[in-house]
Amino acid sequence: MLQNIRDNSQGWIAKIIIGVIIVLLALTGFDAILTSTSNSQNAAEVNGAKIGLAELNREVETQRRQLLQQLGKDFDASQLNEGLLRNAALSGLIERKLLLQGAEAADFAFSQNALDQLILQTPEFQVDGRFDANRFDQVIAQMGYSRPQFRQMLEQEMLIGQLRAGLAGSGFATDREIGDFVRLERQTRDFYTLTLSADPAQVTVGDEVVQAYYEEHASSYMTSEQLVVEYIELKRDAFFDQVEIRDEDLQALYQREIANLAEQRQAAHILLEVNDKLSEEQAKAKLEELKARIDKGEDFAALAKEFSQDPGSADKGGDLGYAGPDVYDPAFEKVLYSLKEGEVSSPVRSEFGWHLIKLLDVQAPEIPSFDTLKEKLVHELKAEQVEQAFVEASRDLENAAFEASDLAQPAQELGLQIKVTPPFGREGGEGLTANRQVVQIAFSPEVLEQGNNSSAIELDPDTVVVLRVKEHKKPEQIPFDQVAGKIREQLLKKHAAEEVRVRGEALLGELRQGHTPIDQAQQGEGWHVVEAAARDQEGVDPAILQSAFHMPKPAGTDKPSFAGVALPNGDYALIRLTGVSDPSDALSEEEKGMYRRFLASRNGQQDFAAYRRQLQSVADIERF
């Protein structure tokens, strides 16, 4: 057969077919290579807009950091599913990109000047109530942003916020909707309850049933697996007393510290933006006119309130507050630092428009004395040396633990004490063994089964431990005699609850059909009356209350509705609904306004959620 194929493949028709296949494969393969290469730095594409891998990685780290902060320092970061975290981050970026495109399509805008004001007034960027450029750089660096990247991210967030507020804020509620909601919210119900108690004393469970249950669920009656571990703990604080600081190093650090202090300048400005309504020449001429009026004695602040187009400072007379270098637009800042206190500049062009700038005040930096900073400086200098010593000691500990067959030698070499934990299981224990990372490593095959010392475990930035399993208590079957009583009690409750449920459902059917009169259905107990119960009525079992408000309205006063519900404690409750009352009192204007705001907000949020779904449904989204 193979020879036939070979012979037939020599014909001209076969060669043409093979040639076509080769061309198709070449084209599709080349296209795949181009596509793969062009998207090698991208994570997704949303309506033609790229989402880069760098942006995705930054978002993954942000979400990871937020999760770890929420879960606490004892949470084992290795438990986080990297794939799920990455997918969630990418989905969030895709939705953010869609919302940003929606905001841009709706012509939302946020000026650079307003962005400046937002940054200047953000408390996280302030020191002692004033904007601090160093603090700003430190915070955004921890977030993984440069200044341009942060400004771009913040501007996008403000645009999305405008879109969200515009849609959610447009929600409304009609008077009829308010009336229907209030009628249901304030509705009350009259009902009776008859509770049939589950009595374990009225049922019996034979020894053979208990034995059979034990054998069937034998895996549930095992002692927990437990470990006792010994460990060596290395703490950063122990190195501080070992470090000595020279006076000349302290003085040098003090001089560097005070050299970084910069004066703060309080500026005010009048801004005119260049747009379709105001040209470059008109804006500049208008400011020259205002400058002339100021030179003749008119108040700068009053003119700023009247003419400035900066929404963040106009109401404050143009006051921008105090700021140091490298905060404002370069052209703006150059002129500001050339002014004398109280002086007003000529018109200045920046990327935001035309300004008149007034220097309100210059605040010289307060130079702290050496003595006031000495403790801080000593700690900083020691921290540098301690960091190096701690890192080296951690490395030595890990190497020694890897080479040794137990912890005695590493402890002796580093002058540390071997400590022992109480027994703990896979769910963890207290103290050191409450740390999920410690528990996971202790139960790992390398440490538990192979008997190795663990690698160095960083509990927090200041603490490192190495551990070893000292004792392994494996799960064992708990003897039947020790758990027979517990099993019997459990089965008695279960059978009693089942018996009372069957009895209650049978009685419920009789009541609904009218075969059993109400007074004959008391089962030795009386009906409990609940009048005018609200949805949040206290003193009524939540399961009964929820069931009562799900029941249909009675056909008449002499034709109640019936329902039954199994209670969490095993009892069974019969419910006889006799009346439903809607509120009769008219709402006050204050109450009506409160309900209107609540429903409008809820409807607005639903509208925004629907808008997001609509964007998703029509978008062209490709993940790489």
Side-chain angles (χ1 to χ4, degrees), residues 32-71 75 77-112 114-116 118-119 122 124-125 136-169 604-624:
I33 292 172
L34 285 177
T35 303
S36 174
T37 303
S38 63
N39 292 314
S40 61
Q41 298 301 315
N42 297 315
E45 184 175 308
V46 182
N47 293 328
K50 308 286 187 182
I51 296 177
L53 285 176
E55 185 179 2
L56 174 59
N57 292 335
R58 184 166 55 239
E59 182 65 17
V60 168
E61 287 306 311
T62 299
Q63 291 198 14
R64 189 198 310 278
R65 186 164 52 248
Q66 291 172 348
L67 278 173
L68 292 178
Q69 288 175 351
Q70 294 171 5
L71 297 171
F75 178 76
S78 65
Q79 296 290 318
L80 294 176
N81 187 306
E82 186 69 22
L84 291 177
L85 190 63
R86 201 166 184 83
N87 285 335
L90 183 55
S91 296
L93 289 174
I94 289 173
E95 180 173 307
R96 186 171 180 271
K97 185 72 71 175
L98 287 171
L99 291 175
L100 184 62
Q101 291 171 351
E104 291 172 347
D107 292 331
F108 283 103
F110 197 79
S111 73
Q112 293 298 312
L115 199 62
D116 287 337
L118 183 61
I119 293 173
T122 299
E124 286 75 14
F125 304 147
F136 172 66
D137 289 334
Q138 179 184 6
V139 172
I140 66 173
Q142 290 174 349
M143 298 168 65
Y145 291 102
S146 64
R147 282 191 178 188
Q149 288 172 335
F150 180 78
R151 289 181 66 88
Q152 182 185 39
M153 181 277 295
L154 187 58
E155 180 182 5
Q156 291 175 352
E157 287 299 323
M158 298 310 297
L159 291 175
I160 293 173
Q162 288 180 342
L163 176 65
R164 181 184 293 108
L167 286 169
Q605 294 297 330
Q606 292 173 346
D607 290 343
F608 182 65
Y611 174 74
R612 288 161 52 193
R613 290 193 297 272
Q614 190 267 341
L615 287 178
Q616 288 271 1
S617 66
V618 301
D620 181 12
I621 301 172
E622 185 176 3
R623 298 179 183 229
F624 304 126

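Heavy-atom basis, side chains included; hydrogens, waters and symmetry copies ignored. Given the structure is predicted, the values throughout are model-derived calculations rather than measurements.
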### Query
Can Ile51 and Glu45 be said to form a side-chain contact (heavy atoms from CB on, under 4.5 Å), step by step?
CA-CA 6 Å; Ile51 296 177; Glu45 184 175 308; over 6 Å; no
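- Side-chain N or O atoms of Gln101 include one that pairs as donor or acceptor with a backbone N or O of Val46 at under 3.5 Å.
- Asn47 contributes a side-chain N or O that, together with a main-chain N or O of Asp620, makes up a donor-acceptor pair within less than 3.5 Å.
- In terms of heavy-atom proximity, Ala43 sits nearest to Leu53 at CB-CD2, 3.9 Å.
- In this structure, CZ on Arg612 lies 13.0 Å from OG on Ser617, to the nearest 0.5 angstrom.
- Under a 3.5 Å cut-off, the side chain of Thr122 and the backbone N or O of Phe125 do not form any donor-acceptor pair.
- By the 4.5 Å heavy-atom criterion applied to side chains, Lys50 and Gln41 are not counted as neighbours.
- Residues Ile621 and Gln616 form a side-chain contact, since some pair of their non-hydrogen atoms from C-beta on lies under 4.5 Å apart.
- Counting only heavy atoms from C-beta outward, the side chains of Leu99 and Glu95 approach each other to under 4.5 Å.
- Between Leu154 atom CG and Gln149 atom CD the span is 13.5 Å, to the nearest 0.5 Å.
- When each of Leu167, Leu159, Ile160 is checked for a side-chain contact (heavy atoms from CB on, under 4.5 Å) with Leu163, only Leu167 meets the rule.
- No donor-acceptor pair under 3.5 Å is formed between the side chain of Gln63 and the backbone N or O of Val60.
- A search for salt bridge (charged side-chain N to carboxylate O under 4.0 Å, His left out) contacts involving Arg623 returns nothing, not counting sequence neighbours.
- The main-chain N or O of Leu100 is never found under 3.5 Å from a side-chain atom of Gln156 such that the two would form a donor-acceptor pair.
- Under the 4.5 Å side-chain criterion, counting only non-hydrogen atoms from C-beta, Glu157 is in contact with Met153.
- Residues Glu124 and Phe136 are not in side-chain contact: their nearest non-hydrogen atoms beyond the backbone lie 4.5 Å or more apart.
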### Task
Applying side-chain contact (heavy atoms from CB on, under 4.5 Å), run through Met158 and Leu118 and close with a yes or a no.
CA-CA 10 Å; Met158 298 310 297; Leu118 183 61; 3.6 Å; yes
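- Contact annotation: the side chain of Tyr611 approaches that of Leu615 to within less than 4.5 Å [non-hydrogen atoms, C-beta and beyond].
- Distance check, rounded to the nearest 0.5 Å: CG of Leu98 to CG of Leu93 gives 11.0 Å.
- Looking at Arg64 and Leu67, their side chains never come closer than 4.5 Å, going by heavy atoms from C-beta outward.
- Arg151 has its side chain within reach of Leu115: a pair of non-hydrogen atoms, C-beta onward, lies under 4.5 Å apart.
- Distance NZ/Lys97 to CG/Leu90: 11.5 Å, rounded to 0.5 Å.
- Remark: Glu622 CD to Asn42 CG distance equals 10.0 Å, nearest 0.5 Å.
- Atom CD in Gln152 sits 9.0 Å away from atom OG in Ser146 (nearest 0.5 Å).
- Closest non-hydrogen pair, Glu155 versus Phe110, comes out as OE2-O, 3.8 Å.
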